[in-house]
Every structure is written in structure tokens, then in C-alpha cells.
Amino acid sequence: MAPFISSFLLPLLFLFAFFSLSCYSKQSHKVYIVYLGEHGGSYAAEEIQEGHHALLYSVKNSEEEARQSMLYSYKNSINGFAALLSDEEADILSAREEVIWAYPSERRWAPHTTRSWEFITGYEGIKDQRGFGFEESDWLPSKTNHGKDVIVGMLDSGIWPESKSFNDEGLGPVPARWRGICQQEHSFKSSSCNRKIIGARYYLKSYEAYYGSLNTSYAYRSPRDHDGHGTHTSSTVAGRTVLNVSALGGFAYGTVSGGAPLARLAVYKVCWPIPGPNPNIENTCFEADMLAAIDDAIGDGVDVLSISIGSVGNPENFTNDGIAVGALHAAKREIVVVCSAGNSGPKPGTVSNLAPWMITVGASSIDRVFTAEIRLGNGMILTGQTVTPYQLKGKAYPLIYAGDAAIAGTQANLTGQCLPNSLSPDKVKGKIVVCFRGAGLRAEKGQEVKRAGGAAIILGNPAANGDEVPVDAHVLPGAGVSANDAIKILTYINTSGNPTASLGQARTVVDVRPSPSMAQFSSRGPNVLEPNILKPDITGPGLNILAAWSESSSPTKLNSDKRRVKYNIISGTSMSCPHVSATAVLLKSIYPHWSSSAIRSAMMTTATINNAQGGPLMNGDGTIGGPFDYGSGHVRPIHAADPGLVYEASYQDYLLFMCASAGVQMDFYYPCPKNPPQPYSLNYPSIAVSRLNGTVSVVRTVTNVANASARYQVLIVSPDGVSVQISPRELKFKDVGEKKSFKLVLKDRGSVMRGNGTYVTGSYTWSDGVHFVRSPIVVSFG
Ligand SMILES: *[C@@H]1O[C@H](CO)[C@@H](O)[C@H](O)[C@H]1NC(C)=O
Ligand SMILES: *[C@@H]1O[C@H](CO)[C@@H](O)[C@H](O)[C@H]1NC(C)=O
Ligand SMILES: *[C@@H]1O[C@H](CO)[C@@H](O)[C@H](O)[C@H]1NC(C)=O
Ligand SMILES: *[C@@H]1O[C@H](CO)[C@@H](O)[C@H](O)[C@H]1NC(C)=O
Ligand SMILES: *[C@@H]1O[C@H](CO)[C@@H](O)[C@H](O)[C@H]1NC(C)=O
Ligand SMILES: *[C@@H]1O[C@H](CO)[C@@H](O)[C@H](O)[C@H]1NC(C)=O
Ligand SMILES: *[C@@H]1O[C@H](CO)[C@@H](O)[C@H](O)[C@H]1NC(C)=O
Ligand SMILES: *[C@@H]1O[C@H](CO)[C@@H](O)[C@H](O)[C@H]1NC(C)=O
């Protein structure tokens, strides 16, 4: 196996041309990603591109065909390309010695907002941030300089550059090291970039190879965000401080700010609408497009990458996962990559973005709710939740269950769901209608009640959603209620001859206790690809977050909703990921020379497993949370800025991990050893050992990053049925930067029930009396 060397030259001209690709996609050609590893030598970008074209030309009939089938030549850090290939052509390429693999990539990925736009959120400003247990000064310690001049790359649906959150008043010149560009097309002008938005690019060749040309009647062929998602996540990381902001209807009024308001944004638009009935939602992101964006972000010089996107359905192997492959190259350049865990919880094994070189973020609540009193005709008072700007002002209206108002022919399993055109106007006119979540979109149910002439909607949780009530900017008055309250309302309707209800004024309530708690939708561990790495890694605020929005689509994303807003409240791990990205930016600003793994370690080992009241961090259903819910715990930026010790891992360590975990050599320059270390041996800030049978030894190494002279002692909380011994039990440091290793011996004591799904958890913590460097331990038995 030899490093890839460009062999013969092709004219440079075609490398930069763009051609319509649709004639290929309709035939047996698929988008393939051909992966060649890492650029070893010092080849110029043109040489690398020529090499890629030469390789592609070798399986095509003509230069013309090779040129037309090339989508992207990855050349900054990732060595490889995306092209339209037949399976036969791909097989031939796979057999080439310079090719590590070639795999078909038409898979679509989606942003991790719950049911895309189903939940609604708002990242709050500094003031309301006390909600998750931090003082104002905690969130923005002065030594972070508010993330000044750190560059964060956002892979998302683009940006709405006119938002006040992206104004560049008082920011210095663009950092000289920046090498990115501002792609000026379709409603995105040179003035759309400024000293806040310093770069903006878009990627849709793989999208168009699959769907045909982008329909520009509803989407911008430029970095401009139609959806709102990318604007929301970007402003959560690095939005400026803006006073007196609220969502529609005045909810969550206050100061809004990103976590790192002086950081710079580099926008990489990779998500686009699926052509179809609701093209408002840019929730389709193609792997080859994302890989091109990550490769460019590396070349452009970003410091942190924030990716609120995940695979749809079962996770792919690391090698077949464009985000994971791209993130590995980013990690090599010490770029911190932060990803969302997904919104498929609370079922176990649902977490996505599973590679150890990415930080995987779950979602939890803050201390704020939006309540409206619901008063039933029998005097019972319930608390609904809403961010609907429309009000019923406390007047009583007749109340009806949607299941009793369905038009003939509604499927039995869909009664009460208020799907489009399912309600009979004769029955619901002028009434408050009780609908259930489940099938379809929540805001669409409100739209249906409105269409049929109803006065308001009460949206009940099914049992599975319990007390976790999402809020919506419905197009009519309304509120959501818990599963228990929904049953109470139905019982009242059943037993009253003439049911009525009134809806009171909605208001924003802060200081809700206990908080935070884990969102039920947040995807849970274990890690189904590599159970010897714990995922998720950490949690952050992701429920009902206020942040900037696109003025091109409505707050509900319904096609029929013509309202436009500057700020919107939505939920998802898409919203928690940028909180952790912002924390990484702050750390990068304090410690510009720290490795990406040191920054990850600092955030994980200082995370808390308690809520703001000091009790255990709970799940939304009232059970006590654990590592599969929140990983190491809830992010604490101020503590992360002074972690004491860090666990570091290098690119080579990740390559060794891949040798052991996937049996794959990822880089021609680093052959796999015969017996690579076990995957749990990666120097990770948490420990997961799957199928413990007997005894396992794990070596970890910590680096002293605080006081030169320090003495740390270890405190162990052993998982049930496992003995954990650590030696030595004391680590003495004389210098900053000094490394010390220690050994953990995990022994199966055989005393707990084993077999399927038995996981036990514990932890160990190094402390010098000032710093507490905690790592969770998760063990299953085999
Ligand atoms: C583009 O979308 C608009 C609006 O949905 C639709 O009327 C039009 O037919 C679409 N054009 C194409 C080429 O599909
Ligand atoms: C924000 O609101 C406060 C209090 O209502 C007011 O004094 C101030 O002028 C407002 N600031 C801006 C920038 O609108
Ligand atoms: C993932 O890797 C496993 C083991 O290497 C292999 O058996 C499986 O086919 C791979 N899955 C895909 C989708 O490539
Ligand atoms: C309802 O039942 C039909 C078959 O009768 C099934 O196809 C559909 O998936 C069901 N829908 C839901 C939401 O369960
Ligand atoms: C209401 O009555 C219907 C039938 O009349 C019954 O199926 C349903 O379970 C009742 N619901 C409640 C909450 O009592
Ligand atoms: C480490 O240094 C800081 C600041 O110099 C000091 O406040 C702290 O007490 C020291 N910790 C230990 C364990 O000596
Ligand atoms: C363990 O789980 C697997 C998959 O869920 C199942 O097929 C198997 O029967 C289970 N084994 C035992 C002993 O429960
Ligand atoms: C555990 O190890 C023992 C001894 O090596 C072996 O006999 C047994 O089959 C193992 N159990 C499992 C479940 O692998």
C-alpha cells in the first residue's frame, strides 16, 4: 500500500466547472464516496484534484464522463472524492491499492430538532440562564473574553444574516488566519458577511444528484437559511447580546445572547428541503455534501465545528458515516467537533454520532415554562403550557373531544389526532377541541382545529410522553397538557352533559424546580456501534430554547402560516449541541493551545450529575438519570475552565481505536498493529466495558493543567457487582503539562443478575481538594 501520488495530468479547466448531473442519477449511477485516507505529502490542491480525476478517469470511458461524474474532490485534509459511479466502477476502484474504501452514499441525514420542527424552543440570554444553575458570571467568565476571535463552523441549514444577533458592531477585523470565503448568490450578498459572519458556503451537489435541481421558489441557492434551524443554532453559539427580545406573543422576554457572543461564525449550508407537500423544512442533509463542507471548514481554519445533524434510522459503521470520517480529520487538526445525540429517546440504544472523536450532546430542560390555566366547567383547574400569541381571555367555551368530532371514514387508530381534514366543522365550531399528540405535526393539529372553526386546541400528551409538555406557537389559542391531565379532561367530558372550559392568560414562569431534567426525547445509550465507548458524552439545555430565526418561514413551519418572527422557541438536541459548542469556544479562547481532546475532557470531567437544587439529575418521567441518559452529566462552563487534570487522545490513538473497533486501517501511514489495544483502552474521560467476564485492566493517563505542584487522590464508587481497584491511588505532579498514568482493574464479582441488558454504573473521581475530575464507569456482563 503506497501513499496516493497523482500520476497523470488532466487539463485543469474542468476541475472548476459545474455540470448538470441529473442524466447520471436517473440511471444506475449512485453517489459514491471514495476514501483515500489522509494527505501525507505536501501536494498542492491542484495536484490532489488531478490525482482524484485521474483515478476516476481510469474507470470511466472518457474524460468528459469523468468530469461530469465528479461531485467533490476532498483536498484540504480528507483525501478522497464523491462521484457518480456504477456498482461495477465502484468495485474496480475499491480494489485499487490507494483506495481505502468506496461506499454508496445517498443516505440522508436530518437536523436533530425533535420531529424536525415539532418542538419549539428558545435559547435564553444570560439573565435567564440561571435556569440551569449558573450565575450570570458563570456563563461568561471574564477570562474567556466571550469567545473573542475563536472561529466556529456551523454545519446546518444556513443563516439569516440580517438578524440583530449577527451584527458586528465593535468586532475587530476578521482574524488574519481565516482562509474561508463568502459565497455570494441568491439573496446572499457580500454585505451578508461581516465581521461576525466571516464565512458562508453552501453544498448541494449530492442533494441535486438525488432530487434534481433545487426548487428556488422556496429555497435559497446560497448560504441563506429558509428553515430557521441554522439561524437558531448559530445564534445559540455565537449570537451577539440583544436586549428586549421575545418570541411571538411576548414569551421569554429578556436579553438574548449566544454563549460566545464575540466568536466568529463560519456558515456551511448542507441541509435542504425535501421536494413535496411541505418544502419549508430544510431537513435533508447529504453525506457527500457534509463531507465537502467539513473538508472546507478544516481548510478555512475553523476552531470548533458544531453539527446538530444525525443519521436517520440505524447508525452506520464509523467508516460509512460521513460526519464521523470528516470529524476524524478535524480532530487531527485539533478542531473540536460537537454533535447532537438525536431525538429518539427515551428508548435505549438510540444515541447517534457515536465516534469517540466527537462530543455527543443530549438535551435537558431549563428552569422556565410557559403556562396557561385551564379551568373546566366542574371547577377543576389544570396547568397547560403554551407560547401561542392568541388568547381566549378566560371566557368559557363548550369543550369537545376530537374523537367525538371526526368526519366519517377517519381511521380508528387516528381518532383524536386532529390530522388535516379529519374534523367535522358542524361539531367543533366555536368549541375548545381536545386533540392528542402522536401522528402528524403538533402545529398542524392546531391548524386543523382552526380550519374546522374551533375556538382553541388543548393538545394532550399520550401516556408515553408523560409530563413533558412541548410548547407551540399555534395559529389559534391553545395549550398542551400532560398525559394525566389529558385523561382528567376526557373523564370530565365523558361525565358532564354539557362540558365547558376556559383558557387563561399565558405567562412565562421561571425558577421552576427541580431543573434541569433530561428531556424524554433525548436519545439514550448504550452505544450500539461500540459499547466500549460511553455515549452520549454530556447534556445541555435543549428544551424550549429561544434564539434567532429565519424571516423566510413561519414559527410553526406550516405552509399556511404566514406569520414571520425574528426569534423563535424550539427544542431538540439540535439546540443543546450549540450550548456545548459555545462552551468549547470559551475554552478555546482561554486555552488556545489545548488539544481538542483536552477541551472535551475538561467539559466532561467537570459536568454535574445533580440538578440546580442539589438533587440527582432526573429524567423527564421522574426516574433518576444515569450515564446512558446524560453521559458524564450537565455541562458547567465555569468548572470546565478549570478542570485540574485532562484526559487526552491523539489522532494516532483514534486510528488504533479504529483498528480494534472496526478492524479498519484508516490511514496508509499508520498500519494497524497485530494486537491493537482494546477499544475501552482509548484514553477517554469516561469508561465503558461491555461484557465483562472475569477481570479487565484499563490504563488511563491524565495531564496536569492546573497548579504546578499538586497531589490528587482517587475516590471510587464501584458499580454493583463489580470491584474497581485503581493504582496508584495517589498522583503527585511537579509541573504543569506533566502526565501520569494509572491502572483500573474491573473485576466481575458475579453477584448481580446478568444476561441481557444488565448494565451497572459507578464512577471514579480524582481530587486535589479543589478540582474534582470525575469519570463515569459503565459495565455490562457477558
Ligand atoms: C417549485 O415549487 C413551487 C411551489 O411549491 C411549485 O409550484 C413548482 O411547481 C415547483 N417547481 C418545480 C420545477 O418543481
Ligand atoms: C429595553 O427595555 C427597557 C425597559 O423596558 C428600556 O428602558 C430600554 O430602552 C429598552 N432597550 C432597547 C434597546 O430597546
Ligand atoms: C459494519 O461493520 C460490520 C463489521 O465490520 C459489518 O459486518 C457490517 O456489514 C457493516 N455494516 C455496514 C452497513 O457496512
Ligand atoms: C393506523 O392503522 C393503519 C392500518 O389500519 C396503519 O397503516 C397505520 O400505520 C396506523 N397508524 C398509526 C399512527 O398507528
Ligand atoms: C370516555 O368514554 C368512552 C366511551 O363512552 C370510553 O371509551 C373512554 O375510555 C372514556 N374515557 C375516559 C377518560 O373516561
Ligand atoms: C491552585 O492554585 C489556585 C490559584 O493559584 C489556588 O487558588 C488553589 O488553592 C490551588 N490549589 C491547590 C490544591 O493548591
Ligand atoms: C438477549 O437479547 C437478544 C436480542 O434482544 C435475544 O434475541 C435473546 O433471546 C436474549 N437472550 C436472553 C438470554 O434473554
Ligand atoms: C466467561 O468466562 C468463562 C471462563 O473463561 C467461560 O467459561 C464462560 O463461558 C464465559 N462466559 C461468557 C458468557 O462468555
Side-chain angles (χ1 to χ4, degrees), residues 20-23 25-26 116-117 157-158 185-187 202 204-205 207-222 224-228 271-284 374 376-382 384 398-406 408 410-418 420 423-424 427-428 431-438 441 444 447 457-467 480-501 550 552-554 556-562 564:
S20 163
L21 303 157
S22 50
C23 55
S25 58
K26 299 287 177 285
S116 304
W117 62 103
S157 64
E185 276 163 66
H186 198 186
S187 300
Y202 69 93
L204 48 45
K205 290 182 187 174
Y207 170 91
E208 291 196 322
Y210 190 85
Y211 283 123
S213 280
L214 178 71
N215 186 337
T216 50
S217 65
Y218 47 69
Y220 300 98
R221 199 188 175 83
S222 76
R224 183 174 289 276
D225 180 16
H226 173 68
D227 182 288
C271 300
W272 304 92
I274 302 180
N278 190 346
N280 281 327
I281 305 144
E282 295 185 304
N283 64 352
T284 300
I374 299 171
L376 304 181
N378 63 1
M380 185 183 283
I381 295 174
L382 306 170
L399 181 66
I400 188 168
Y401 169 48
D404 299 332
T410 304
Q411 271 177 34
N413 60 357
L414 297 178
T415 32
Q417 293 284 325
C418 298
L423 294 177
S424 160
K427 298 204 172 121
V428 307
K431 296 181 183 165
I432 296 176
V433 183
V434 180
C435 307
F436 276 86
R437 291 171 65 189
L441 307 170
E444 205 169 48
Q447 176 64 39
I457 181 173
I458 291 177
L459 189 53
N461 271 359
N465 294 97
D467 293 344
V481 295
S482 69
N484 282 338
D485 285 354
I487 297 296
K488 287 180 192 158
I489 296 171
L490 285 193
T491 307
Y492 163 64
I493 292 176
N494 268 3
T495 52
S496 161
N498 179 24
T500 63
S550 162
S552 171
S553 68
S554 66
T556 57
K557 315 249 59 204
L558 296 177
N559 227 354
S560 57
D561 185 353
K562 301 301 174 207
R564 296 293 178 263

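For this chain, numbers begin at 1 and follow the sequence in order. Note that ligands are numbered from 1 as they come in the structure, with each ligand's atoms numbered from 1 the same way.
Not counting sequence neighbours, the partners of N215 by the side chain to side chain contact (heavy atoms under 4.5 Å, CB included) test are S217, Y218. By the side chain to side chain donor-acceptor pair (under 3.5 Å) test, Y202 pairs with E185, sequence neighbours left out. With sequence neighbours left out, S552 forms a side chain to side chain donor-acceptor pair (under 3.5 Å) with Y220, H226.
A salt bridge is defined here as a Lys NZ or Arg NE, NH1 or NH2 lying under 4.0 Å from an Asp or Glu carboxylate O, and E444 with K557 fails to meet this definition.
The immediate protein surroundings of ligand 1, defined as residues with any heavy atom under 4.0 Å of it, consist of N215, S217, Y218.
At least one side-chain heavy atom of L204 sits less than 4.5 Å from a side-chain heavy atom of R221.
Counted by atom type alone, D225 and S550 present zero donor-acceptor pairs between their side chains at under 3.5 Å.
Residue N494 approaches ligand 5 through these ligand atoms, each under 4.0 Å from one of its heavy atoms: 1 (C), 2 (O), 3 (C), 8 (C), 10 (C), 11 (N), 12 (C), 14 (O). Using a 4.0 Å cut-off to heavy atoms of T491, the atoms of ligand 5 that qualify are 13 (C), 14 (O).
A distance-only check finds no donor-acceptor pair linking the side chain of Q447 to the backbone of L558 [under 3.5 Å].
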